[in-house]
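Here, residue 1 is the first one in the sequence, and each next residue gets the next number.
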Amino acid sequence: RMPRVEVEKITGQARILKCFSRQKDKQVVGGGVLSGSIFTRKKVKILRQKNEIGMGEIMELQEKKQKAREVTEGNQFGAMIESKITISEGDIIESFEMVIE
């Protein structure tokens, strides 16, 4: 029997289009989903020029000014992300979950 291993499964990628405000570790940003789906309460990797610069968590998600639990590919969104890293326009966020295989 093979031991069970916990692996990262990427659920979606999004590009940050605009940064709005920052308070302590929380940042409000606007973006567009490039692939998959972005979910509320999921961990995200923050990538700048294809290099991982930090981690965060999506606290709130809005689509068309309505609260959303999920935003799918091709749609734009607003999000509050909790992270110690300052997110910039052009950064990519990669939403993921840990799954046991």
Side-chain angles (χ1 to χ4, degrees):
R1 260 175 76 96
M2 294 291 291
R4 300 189 124 205
V5 182
E6 200 171 40
V7 275
E8 275 176 19
K9 179 183 171 214
I10 295 169
T11 58
Q13 275 193 327
R15 179 178 307 278
I16 302 303
L17 303 172
K18 186 101 173 115
C19 297
F20 297 105
S21 65
R22 181 178 178 83
Q23 294 175 344
K24 293 191 180 175
D25 287 346
K26 291 187 173 80
Q27 202 167 345
V28 178
V29 297
V33 181
L34 302 172
S35 64
S37 295
I38 302 293
F39 296 90
T40 310
R41 296 276 170 208
K42 289 274 190 224
K43 297 272 186 213
V44 290
K45 287 185 202 172
I46 302 161
L47 307 168
R48 186 170 295 152
Q49 296 170 351
K50 297 184 180 155
N51 297 317
E52 186 179 328
I53 59 168
M55 302 278 276
E57 184 177 348
I58 297 175
M59 305 307 286
E60 283 182 33
L61 208 51
Q62 287 188 351
E63 184 178 14
K64 299 182 178 111
K65 300 193 178 176
Q66 300 289 319
K67 280 200 173 200
R69 207 181 70 70
E70 171 187 5
V71 180
T72 55
E73 188 174 333
N75 294 310
Q76 292 191 346
F77 63 91
M80 180 185 286
I81 299 176
E82 188 173 350
S83 174
K84 295 192 182 326
I85 304 296
T86 302
I87 300 169
S88 302
E89 290 176 20
D91 287 354
I92 301 286
I93 57 170
E94 213 170 57
S95 175
F96 68 93
E97 60 188 6
M98 299 306 282
V99 290
I100 296 172
E101 287 187 346

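- Across every non-hydrogen atom of Ala14 and Val33, the tightest pair is CB-CA, 4.0 Å.
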*Applying side chain to side chain donor-acceptor pair (under 3.5 Å), run through Thr11 and Glu97 and close with a yes or a no.*
CA-CA 7 Å; Thr11 58; Glu97 60 188 6; 6.0 Å; no
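- Across all their heavy atoms, Glu57 and Val44 have their closest contact at N-CG2, 4.2 Å.
- Using a 4.5 Å heavy-atom cutoff, the side chains of Met98 and Glu8 are in contact.
- Note that CZ of Arg69 and OG1 of Thr40 are 7.0 Å apart. Values are rounded to the nearest 0.5 Å.
- In the hydrophobic clustering of this structure, Met55 does not group with Val28; members are Ile, Leu, Val, Met, Phe, Trp, Tyr whose side-chain heavy atoms approach within less than 4.5 Å, directly or through other members.
- When all heavy atoms of Thr86 and Arg48 are compared, the pair lying nearest together is O-NH2, 3.0 Å.
- Atoms CZ and CG, from Phe77 and Leu17 in turn, are 7.5 Å apart once rounded to the nearest 0.5 Å.
- For Lys9 against Val99, the heavy-atom pair with the smallest separation is CB-CG2, 4.0 Å.
- If you take CD on Gln27 and CE on Met59, they are separated by 13.5 Å, rounding to the nearest 0.5 Å.
- One distance of note links CD1 of Ile87 with CD1 of Ile93; it measures 6.5 Å at 0.5 Å rounding.
- Put simply, the side chain of Glu101 does not reach to within 4.5 Å of the side chain of Glu6, judged on heavy atoms.
- Residue Ser83 comes nearest to Ile46 through the heavy atom pair OG-CD1, 3.4 Å, listed as atom of the first residue, atom of the second, then distance.
- Atoms CG and CD1, from Asn51 and Ile92 in turn, are 12.5 Å apart once rounded to the nearest 0.5 Å.
- There is no path of hydrophobic side-chain contacts, each under 4.5 Å, that joins Leu47 to Ile38.
- Note: Glu60 CD to Arg41 CZ = 8.5 Å, rounded to the nearest 0.5 Å.
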*Just do the side chain to side chain contact (heavy atoms under 4.5 Å, CB included) check on Phe96 and Lys42 with the steps written out, would you?*
CA-CA 7 Å; Phe96 68 93; Lys42 289 274 190 224; over 6 Å; no
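- Ile58 and Ile85 fall within the same hydrophobic cluster, defined by Ile, Leu, Val, Met, Phe, Trp and Tyr side-chain heavy atoms under 4.5 Å apart, directly or through other members.
- For the residue pair Val29 and Cys19, the shortest heavy atom distance occurs at CG1-SG, 4.1 Å.
- Residue pairs meeting the side-chain hydrogen bond (donor to acceptor under 3.5 Å, both in side chains) criterion with at least one member in residues 12-21, sequence neighbours excluded: Gln13-Glu94.
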